[in-house]
Amino acid sequence: MTNLSVNINKIATLRNARGENVPDLLKVAADCEAFGADGITVHPRPDERHVRRDDVYRLRPLVKTEFNIEGYPSEEFLDLVLQVKPEQVTLVPDAPDALTSSAGWIVGDNLGFLTSIVDRLRESGIRSSIFVGTDVDNIVLAAKTGADRVELYTKPYADLYPEDPETAVAPFVEAAGAAFSVGLGVNAGHDLSLVNLAFFHRNIPRLSEVSIGHALICDALYLGLENTVRAYKECLR
Ligand code: PXP
């Protein structure tokens with residue numbers, strides 16, 4: 001079974017636009033779970049422009065499924081996740097002011113750094129996932145950090161899918177196979193949508209989790225949150 005983790009950063013962005021508590025991030029998280037989401041993802045950035053540090057503390061006792069926190073592993077970020085102890089931390093190489101994650105780690109250039117972070121997460125009982133592209137050698141190196149999983153950066157798949165789905169998914173099938181062969185679980189995320197998710201999942205049925213934010217929240221404007229979460233879950237059957 002592939003879990004759907006809903007990234008609720010966009011809800012926080014909308015809330016922050018007016019400086020009050022509408023929409024209520026905690027209620028949206030609970031509702032996503034009630035509608036069938038298997039997890040909640042947040043990406044607290046240093047400038048707190050969407051999910052804030054205090055949101056993360058308040059979400060922790062509320063999230064009954066899997067809590068996944070993404071971010072660049074600065075000392076500040078580690079301090080937060082080691083206190084909050086989510087089920088999973090996804091390590092991304094973003095600069096603090098990045099608009100969104102736009103590439104995975106070059107693991108070879110960061111092997112010692114990533115290994116030490118993964119060790120600290122494991123000591124706290126937190127599963128680690130490293131955000132990567134589809135380069136097979138890079139994925140094999142990711143296993144050497146001791147990480148539990150990789151998250152495949154799926155924007156290149158999403159971009160090519162409308163034109164040529166088979167060619168778009170092929171590197172991801174190969175990358176997932178490489179990850180499985182070195183004992184890594186495989187997550188995926190970025191620009192997955194109702195248009196491209198089912199095909200991705202059909203080609204990589206052993207995916208552990210997809211984490212989806214932007215398209216899902218946009219779809220909810222038209223379909224409503226409940227129908228939308230159910231529709232994404234349907235793509236994973
Ligand atoms: N995975 C990672 C590491 C991300 O940074 C993001 C965006 O915050 C996502 C998944 C979700 O991407 P999208 O919002 O395009 O669904």
Side-chain angles (χ1 to χ4, degrees), residues 2-14 16 25 28-29 32 37-52 55-56 66-74 77 81 86-107 110 114 117 127-134 138-139 142 147-161 168 172 175 185-198 200-201 207-221 225 228-229 231-233 235-236:
T2 302
N3 283 346
L4 170 67
S5 188
V6 177
N7 180 320
I8 57 172
N9 265 32
K10 283 276 146 39
I11 301 296
T13 308
L14 189 57
N16 296 352
L25 189 73
V28 172
C32 286
D38 309 291
I40 299 295
T41 292
V42 294
H43 191 147
R45 292 184 187 273
D47 60 7
E48 300 200 309
R49 68 179 185 267
H50 24 60
V51 163
R52 303 180 185 127
D55 291 325
V56 179
E66 284 220 349
F67 197 19
N68 174 42
I69 307 183
E70 306 169 350
Y72 178 84
S74 62
F77 176 83
V81 298
E87 279 72 24
Q88 177 175 275
V89 166
T90 300
L91 305 172
V92 298
D94 300 16
D97 58 349
L99 196 56
T100 183
S101 312
S102 55
W105 289 92
I106 299 172
V107 179
N110 298 280
L114 288 170
I117 307 288
R127 184 200 306 139
S128 54
S129 178
I130 296 185
F131 193 52
V132 291
T134 52
N138 194 50
I139 289 172
D148 302 290
R149 295 186 186 176
V150 284
E151 179 180 327
L152 300 176
Y153 172 55
T154 45
K155 186 173 193 305
Y157 162 74
D159 287 347
L160 189 56
Y161 174 85
F172 290 85
V186 178
N187 296 341
H190 230 288
D191 296 281
L192 293 173
S193 70
L194 286 177
V195 173
N196 60 38
L197 179 61
F200 192 81
H201 179 248
L207 271 181
S208 295
E209 177 189 286
V210 289
S211 124
I212 308 183
H214 187 80
L216 189 152
I217 302 302
C218 293
D219 288 330
L221 292 175
L225 189 57
T228 301
V229 171
Y232 276 81
K233 285 285 293 180
C235 295
L236 298 172

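In each ligand, atom 1 is the first atom listed, and ligand 1 is the first ligand listed.
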Can you find a side-chain donor-acceptor pair between N7 and T41 that sits under 3.5 Å?
no
Only counting residues at least two apart or in another chain, list the ones meeting side chain to side chain donor-acceptor pair (under 3.5 Å) with S211.
none
What residues form a ring-ring contact (aromatic ring centres under 6.0 Å, His included) with F67, not counting sequence neighbours?
none
For R52, check side chain to side chain donor-acceptor pair (under 3.5 Å) against everything at least two apart and list the hits.
N16
Give the residues near ligand 1 by chain and number, with the criterion being a heavy-atom distance under 4.0 Å.
N7, H43, E70, V92, T100, S101, F131, E151, G189, H190, D191, S211, I212, G213, H214
Distance-only side-chain donor-acceptor flag, N3 / E209, under 3.5 Å
no
Do NZ/NE/NH1/NH2 and the carboxylate oxygens of R49 and D47 come within less than 4.0 Å?
yes
